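For reference, the structure I am asking about is given below.
Every chain is numbered from 1 and lettered A, B, ... according to where its sequence line falls, protein lines coming before strand lines. Keep in mind that what you see is a predicted model, and the values were worked out from it rather than measured.
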Number of protein chains: 2
Amino acid sequence: MSRKRFDDMNCGVAQALETLGDWWTLLIVRDAFFGARRFSEFEHSLGIAKNILAARLRRLVEHGVFERVASGATGERHEYRLTAKGQALLPVLVALREWSDEWVYGRGHEPIIFRERATGRRLPRLRVTNRDGEELKSKDILATPGPGATLETRQRLTPRTKD
Amino acid sequence: MSRKRFDDMNCGVAQALETLGDWWTLLIVRDAFFGARRFSEFEHSLGIAKNILAARLRRLVEHGVFERVASGATGERHEYRLTAKGQALLPVLVALREWSDEWVYGRGHEPIIFRERATGRRLPRLRVTNRDGEELKSKDILATPGPGATLETRQRLTPRTKD
DNA sequence: ATTGATGGTTGCATGATGCAACCATGCGGT
DNA sequence: ACCGCATGGTTGCATCATGCAACCATCAAT
């Protein structure tokens, strides 16, 4: 059977995974952040099959994460560039990388370190905070229905909203 | 052919996806953040097939994201609880949700809003910043080899490190 | 004209997924 | 003790997605 769709789930995580959840997709985006632009760059960097790469890029273009722009002289060459929507995925990639740096590799064994280009300083850890900058754990957070919530979502979330 | 493994990729994003990249995995983790504990809770909340859910939970327990603890009276009942490693995925989920809130649903159409439980205030957007708290875009960031970098990684990243 | 690189598409074998059916255990009621 | 039901799975099977190899079309250089 075909993979189940997440579109209707009325949850941002599910929606994001609907676009990004394929096996290779986030790695293609990562490579684009590292500077990859052309089909062959992604292909060689990832070792991905051409048909899969072509399908993923097509899908990402459809979803507005990449744009396909003509490149080179007169030829049929083109590049795949991240759109603003694609560049907005930076926090997702940073969050994934930080998680495995800490919990898979362990501190002191990170393969890659992100630094501020201007100063060379390491970036501080990504933090989920309140408006005062205090870090929050999951137990400090309450999920409430937003304007786009379906009735089902509204009922699922305890309705002690402070709006 | 079996899916290609990302283990050897010497990149945190690939490592994280090796653990979390299956279609349902991050949604299971999301449900756990929302309070799900028992097999049937995940099953009904997600509408996932039992065999897939069982396989994913087993894998997540193996990877240390969940722990399986006995529950109830004498019975064979048990719960799946997030470990510290699992709870550390909060920024990943928040980043994914924020991305689709902004770029898929659009502002004003968010299905779910996260608030600080103590005050009811909305959480500020997750930001990738430098040590002075200034937000950085991808072009402001430089990737450099870390202590766990392979030779290949070292060569791939331009070696203008400021260590 | 030929060679090579780029950027794909097509076909096929195999693994992963979804669904339904079945199973084992514990518990509550009678 | 017996029945029924909920929980928490496992097993089988049909179908979809993936990986690999082969092939193709275009362009540039030789």
Between Arg3(A) and dG18(C), is there a contact of a side-chain N or O with OP1 or OP2 at under 4.0 Å?
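So the side chain of Arg3(A) is outside the cut-off, no N or O lying under 4.0 Å from OP1 or OP2 of dG18(C).
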Pair Trp24(A) and Phe42(A), ring centroids less than 6.0 Å apart
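Between Trp24(A) and Phe42(A), the centre distance exceeds or equals 6.0 Å.
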Output the rounded distance in Å from CD (Glu79(A)) to C1' (dG8(C)).
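Going from Glu79(A) (CD) to dG8(C) (C1'), I get 17 Å.
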Candidates Arg125(B), Arg115(B), Arg122(B) - the one meeting salt bridge (Lys or Arg N to Asp or Glu O under 4.0 Å) with Glu110(B):
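Only one of Arg125(B), Arg115(B), Arg122(B) forms a salt bridge (Lys or Arg N to Asp or Glu O under 4.0 Å) with Glu110(B), namely Arg122(B).
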Is the distance from OP1 or OP2 of dG19(D) to the nearest side-chain N or O of Trp24(A) less than 4.0 Å?
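Yes, because at least one side-chain N or O of Trp24(A) sits under 4.0 Å from OP1 or OP2 of dG19(D).
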What integer distance in Å separates Arg38(B):CZ from dT7(D):C1'?
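After rounding, the gap between these two atoms is 8 Å.
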Among residues 44-66 of chain A, which contact DNA chain C at a heavy-atom distance under 4.0 Å?
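Those residues are Lys50(A), Asn51(A), Ala54(A), Arg58(A).
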First of Glu41(A) and Lys4(A) reached from the 5' end of DNA chain C, by closest nucleotide
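First, find each residue's nearest nucleotide; the 5'-ward one identifies Glu41(A).
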Please check the phosphate of dG9(D) (OP1 and OP2 only) for any side-chain N or O of Arg68(B) closer than 4.0 Å.
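Indeed, a polar side-chain atom of Arg68(B) lies that close.
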Classify the side-chain pair Thr119(A)/Arg121(A) by whether it contains a donor and acceptor separated by less than 3.5 Å.
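Yes - a donor-acceptor pair under 3.5 Å links their side chains.
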Rounding to an integer number of Å, can you tell me how far Glu43(A) CD sits from dA21(D) P?
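Taking CD of Glu43(A) and P of dA21(D), I get 12 Å after rounding.
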With a 4.0 Å cutoff (strictly under), does any side-chain N or O of Tyr80(A) reach OP1 or OP2 of dT6(C)?
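For dT6(C), OP1/OP2 do not have a side-chain N/O of Tyr80(A) under 4.0 Å.
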How many whole angstroms separate atom CG of Leu27(B) from atom P of dT17(C)?
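It works out to 13 Å between those atoms.
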d(CZ, Phe6(A); C1', dT17(C)) in whole Å
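Result: 11 Å.
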Using the side chain to side chain donor-acceptor pair (under 3.5 Å) rule, collect all pairs that involve residues 90-101 of chain A, keeping only residues at least two apart or in two chains.
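The answer is Arg97(A)-Asp101(A).
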Any chain of hydrophobic side-chain contacts (each under 4.5 Å) joining Val69(A) to Phe39(A)?
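Different hydrophobic clusters.
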Are Glu67(B) and Arg81(B) within salt-bridge range, i.e. N to O under 4.0 Å?
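The answer is no: the pair does not qualify as a salt bridge.
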Looking only at side-chain N and O atoms, does His78(B) come under 4.0 Å of OP1 or OP2 in dT7(D)?
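Answer no for this pair, as no side-chain N or O of His78(B) is under 4.0 Å from OP1 or OP2.
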Would you say a side-chain N or O of Ser40(A) is under 4.0 Å from OP1 or OP2 of dG7(C)?
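Checking Ser40(A) against dG7(C): at least one side-chain N or O falls below 4.0 Å of OP1 or OP2.
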Rounded to whole angstroms, how far apart are CZ on Phe42(A) and C1' on dG8(C)?
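In whole Å, dG8(C) C1' lies 15 Å from Phe42(A) CZ.
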Gap between atoms CZ and P, on Phe39(B) and dA24(C) respectively (whole Å):
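So the two atoms are 17 Å apart, to the nearest Å.
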For atom CG of Asp22(A) and atom C1' of dA17(D), their distance in whole Å:
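Spelled out: CG on Asp22(A) to C1' on dA17(D) is 9 Å.
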Just do the side chain to side chain contact (heavy atoms under 4.5 Å, CB included) check on Phe66(A) and Ile28(A) with the steps written out, would you?
CA-CA 10 Å; Phe66(A) 281 92; Ile28(A) 294 170; 4.0 Å; yes
